[in-house]
Amino acid sequence: MSLNDRVRASITAALAQLANAGDLGEQGKSALAEDVAFSVERPKRPEHGDLATNVAMVLTKRVGKPPRAIAEALVKALASSDVVKSAEIAGPGFVNLRLHADAFHHELRDILRAGTWYGRPPSGSGERINLEFVSANPTGPMLVAHGRGAIFGDSVGRLLEATGHRVAREYYVNDFGNQVRLFAASVLASSQGKPVPEDGYKGAYIDELARWLTKVDPASLASDEATLGRTCVTWMLRGIPGSKDLPGIKRTLADLRVEHDVWYSEESLHRWGAVGVALRQLDDSGFLVRKEGAVFFKAKDEGADDKDRVVQKSDGLYTYFASDIAYHADKVARGYDRLINVLGADHHGYVARVRNALEALGLPSERFEALLFQLVFIYRDGEVVKSSKRAGNIITVEEVTQEIDEASGRKGAGADALRFFFLSRGANSNVEFDIELAKKKSLDNPVFYVQYGYARLCSIAKKATELGIARPTTLSAREWATLVDADELAIAARLAEFPETLREAAANREPHRIVFFIQELAREFQSYFTRKKTDPILPQASVRAVAGWEKTWDFDKTAARLAWIEAIRCVYAQGLDLLGVSAPERMDLPAAIAAEDDGALA
RNA sequence: GCCCCCGUAGCUCAGUGGAUAGAGCAGCGGUUUCCUAAACCGUUGGCCGCACGUUCGAUUCGUGCCGGGGGCGCCA
């Protein structure tokens, strides 16, 4: 039971007590018979207490009494609570609550017991979910927009798993159709020293792939277009060893800490006849119409001919939409409770079509859920860097992560930065990613700030161990009793909000809620840490220099604060893990500062 | 013409049917020898795009409009 639940229980118990005593009037008992949907939230202003509830306002209609009258009775009834220390009426009928320090200690004990699993329901208790994301055309390197889809989708997957769902992560490989044919033709032309075909693919990676195939698999260049296309796609996914232009989509994703369980081939749907079967079924049910020499999937609303979608072109070839119908039918057949698609916002028109197609096939279209994300803008020195295929000035994930990795001297720094910034906005907002800011090893870089907060927590624990001070995770009542500082309890209250934050972030598919939570936690702790320099957690050198300091030092308080630090660390680590941002136990000093420190010592 | 997203502080963005709408950055003022820091504290700054409606109460829900971005049957 969470802190919030315990407060709710206290309120519910107090209300029941009032109803039984007849203090809520004639309707009191019946009013409480049904669940009362009231809120218990941290008020915006700290002077309004630890938590506040609107229960009196919610009950006013059912009970037929003014909110303040109900609130007054509730305040009296709460006087005997062992959770709520004091309650007062405020505003239109809010009841502001202050809690006993022990209520927070109870929560800290729960966190220490659960560790980094704090706030999670049992796994496997939720839905079986197919989460399709990225699915970038394997005819080119991953661009930053794909990166956003990859990172967002992955983090949504982490949130879903943390809330008890079973998630299969899937990448739909578009290895069929015009684009792949054109891709093969472009590579072939390059290998023969000819100009690439009109509308073909250009770029260093095409030439590199052509040279590579000439070297390792010349037979593929002599095979038919479809076979060559599949071979090229395979190398695009795998990558050419040591290549900068063609690192491989799987490698790029792995570097972003994104893994897929299933790589599903579009071409296989055609090879096994699944597309034909699905279209046949639609045709039998009257959902297809032939006109102008092509086959169309009929729009849902009658008479909207212009919304019909082509599934088979007049040249007899299927469109991608035909594959998609078969693909989603196959996902349903694989038994998932829910099919989630992470898509760039420019694909929004696709959502209704897939849903309609599933419905037309007699499949449960309500299982289909699309998550759309907006654009990414890369900034450098305050200027937006143009990213469009047409301009030929494309920005790949690889370029950005490499630049940041090199600047910070740490492999993974680029992935941390991309993940943190991309996840720090709602999917419906554009993301601005400032490369110069992301490269900074200073606290005005939010990624650095948050990671540094975590490193500090670890550093304190490490220092305690070095000083030979024990860090028990179960404390005596006497030790807990020393943890009464308002700032410390406020952070405990923040930690207690984590389970609900996690629940909401997962339910709404909003990883950015975790980013904001972690940022606030980081800020609160960093602030505490700086302000409490006069009352440090551990005995500092000046204290330890005095003989017999152990006799006057309050070890109970140190133990309680170290347990508190560990509880913060558990929640903090879980938050970072949900984001896929690394949680460093120490921060490397930039060379300049490290040199300065050496000089000071010498 | 139709569809989707956005419009909140100088900038980038959170947020919510309820109390005096928040954060970061930027600006201004102050503090800081010790558990690794360029931090920390305080503060200036808002017709929450506009109008109407629902409601005891709307920045939040609904409708319309204005502005910005994106997408609209033989590309994927």
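In what follows, every chain begins at residue 1, and chains take the letters A, B, ... in the order their sequences are listed.
Within the nucleic acid shown, A:Asn54 has no heavy atom closer than 4.0 Å to any nucleic acid atom. Across all strands shown, A:Phe297 has no heavy atoms under 4.0 Å from either base or sugar-phosphate atoms. Heavy atoms of A:Asp535 sit nowhere under 4.0 angstrom from any nucleic acid atom. Within 4.0 Å (heavy atoms only), A:Asn430 reaches sugar-phosphate atoms of the nucleic acid but no base atom. Contacts of A:Ala90 with the nucleic acid, taken as non-hydrogen atoms under 4.0 Å apart, include base atoms. Contact annotation for A:Ala294: base contact, defined as any heavy-atom pair under 4.0 Å involving a base atom. Note on A:Lys532: a base of the nucleic acid sits closer than 4.0 angstrom, heavy atoms only. Contacts of A:Gly293 with the nucleic acid, taken as non-hydrogen atoms under 4.0 Å apart, are absent. Within 4.0 Å (heavy atoms only), A:His512 reaches sugar-phosphate atoms of the nucleic acid but no base atom.
B:C65 sits 42 Å from B:A26 when the P atoms are compared, rounded to a whole Å. Across the P atoms, B:G17 and B:U36 are found 43 Å apart, a figure rounded to whole Å. With both ends at atom C1', the span from B:A9 to B:G22 equals 10 Å, rounded to whole Å. Using C1' as the reference atom, B:C48 and B:A21 are 8 Å apart when rounded to the nearest Å. To the nearest whole angstrom, the two P atoms, one in B:C72 and one in B:C25, are 40 Å apart. B:A14 and B:G30 have their C1' atoms separated by 29 Å, given to the nearest Å. Between the C1' atoms of B:U44 and B:C11, the separation comes to 16 Å (whole Å). For the P atom pair drawn from B:U32 and B:C47, the interatomic distance equals 38 Å after rounding to whole Å.
Judged by atom type and distance alone, A:Ser542 reaches the base of B:C34 through a side-chain donor-acceptor pair under 3.5 Å. For A:Ser429 against B:C6, a side-chain-to-base donor-acceptor contact under 3.5 Å is absent. One cannot find a donor-acceptor pair under 3.5 Å joining the base of B:A26 and the side-chain atoms of A:Asp444.
Rounded to a whole Å, the CG atom of A:Leu521 is 15 Å from the C1' atom of B:A23. Rounded to an integer number of Å, the gap from A:Trp553 CH2 to B:C35 P is 12 Å. Whole-Å rounding puts the A:Arg309 CZ to B:G71 C1' distance at 10 Å. Separating the CG atom of A:Leu317 from the C1' atom of B:G73 is a distance of 17 Å, rounded to the nearest angstrom. One can place CZ of A:Phe373 at 16 Å from P of B:G70, the figure rounded to the nearest angstrom. Rounded to an integer number of Å, the gap from A:Asp308 CG to B:G73 P is 12 Å. Rounded to whole Å, the distance from CZ on A:Arg148 to P on B:G70 is 15 Å. Between A:Glu504 atom CD and B:G15 atom C1' the separation is 11 Å, expressed in whole Å.
Phosphate contact (OP1/OP2 of B:C3, side-chain N/O of A:Lys307, threshold under 4.0 Å): absent. For A:Tyr452 and B:A37, the shortest distance from a side-chain N or O to OP1 or OP2 is below 4.0 Å. Of the side-chain N and O atoms in A:His348, none sit less than 4.0 angstrom from OP1 or OP2 of B:C72. Here A:Tyr350 does not reach the OP1 or OP2 of B:C75: none of its side-chain N or O atoms lies under 4.0 Å away. Contact between the side-chain N/O atoms of A:Ser424 and the OP1/OP2 oxygens of B:C13 is not found at any separation under 4.0 Å. A sub-4.0 Å separation between OP1 or OP2 of B:A37 and a side-chain N or O of A:Arg456 is present. Close to B:C5, at under 4.0 Å from its OP1 or OP2, lies no side-chain N or O of A:Asn428.
Salt-bridge annotation for A:Lys557 and A:Asp535: present, with a side-chain N of the basic residue lying under 4.0 Å from a carboxylate O of the acidic one. A salt bridge between A:Asp283 and A:Arg290 is present, with a side-chain N of the basic residue lying under 4.0 Å from a carboxylate O of the acidic one. Of the charged side-chain nitrogens involved, at least one lies within less than 4.0 Å of a carboxylate oxygen, so that A:Glu466 and A:Lys462 count as a salt-bridged pair. Salt-bridge check for A:Glu132 with A:Lys331: passed, with a basic side-chain N closer than 4.0 Å to an acidic carboxylate O. Under a 4.0 Å N-O distance rule, the pair A:Arg353/A:Asp324 does not qualify as a salt bridge.
By the 5.5 Å and 30° criteria, A:Phe94 is stacked with the base of B:A19.
Out of B:A76, B:A14, B:A19, the shortest distance to the side chain of A:Ala52 is found at B:A19. Closest to the side chain of A:Phe296, from the set B:G69, B:G73, B:A19, is B:G73. Ranking B:A23, B:C35, B:C74 by closeness to the A:Glu292 side chain, first place goes to B:C74. Of all nucleotides listed (B:A19, B:G73, B:G15), B:G15 comes nearest to the side chain of A:Glu510. Each of B:A19, B:C40, B:U36 was ranked by its minimum atom distance to the side chain of A:Arg531; first place goes to B:C40. Considering only side-chain atoms of A:Phe516, the nucleotide from B:A19, B:C3, B:C13 that sits closest is B:C13. When distances run from any side-chain atom of A:Ser314 to the nucleotides B:C40, B:C74, B:C75, the shortest one goes to B:C74. Nearest to the side-chain atoms of A:Glu432 among the listed nucleotides B:C13, B:U36, B:A76 stands B:C13. Between B:G70, B:G73, B:U12, one nucleotide has an atom nearer to the side chain of A:Asp346 than all others, and that is B:G70. Residue A:Tyr449 places its side chain closer to B:C40 than to any other of B:C40, B:C74, B:A37.
No hydrogens or angles considered: a donor-acceptor pair under 3.5 Å links the side chains of A:Tyr201 and A:Gln179.
Checking B:C40 for Watson-Crick or G-U wobble geometry (two distances, each under 3.5 Å) identifies B:G30 as its partner. When both pairing distances are held under 3.5 Å, B:C72 makes a Watson-Crick or G-U pair with B:G1. For B:C65, the paired nucleotide is B:G49, the pair qualifying as Watson-Crick or G-U wobble because both relevant distances are below 3.5 Å. In this entry B:G57 has no Watson-Crick or G-U wobble partner, no candidate having both defining distances under 3.5 Å. Under the Watson-Crick or G-U wobble criterion, with both distances below 3.5 Å, B:U12 is paired with B:A23.
Remark on RNA chain B: of its neighbouring residues A:Ile537 and A:Pro446, the 5'-side contact belongs to A:Pro446, judged by nearest-heavy-atom nucleotide.
Geometrically, A:Arg425 does not engage A:Phe152 in a cation-pi contact defined by less than 6.0 Å to the ring centre and at most 45° from the axis. In this structure, A:Lys291 is positioned above the aromatic face of A:Phe296, its NZ or CZ under 6.0 Å from the six-membered ring centre and within 45° of the axis.
For B:G73, the base adopts the syn conformation, since its glycosidic angle falls within 90 degrees of zero.
A donor-acceptor contact shorter than 3.5 Å is absent between the side chain of A:Tyr327 and the backbone of A:Val275.
With contacts defined as side-chain heavy-atom distances shorter than 4.5 Å, the pair A:Phe448/A:Leu437 does not qualify.
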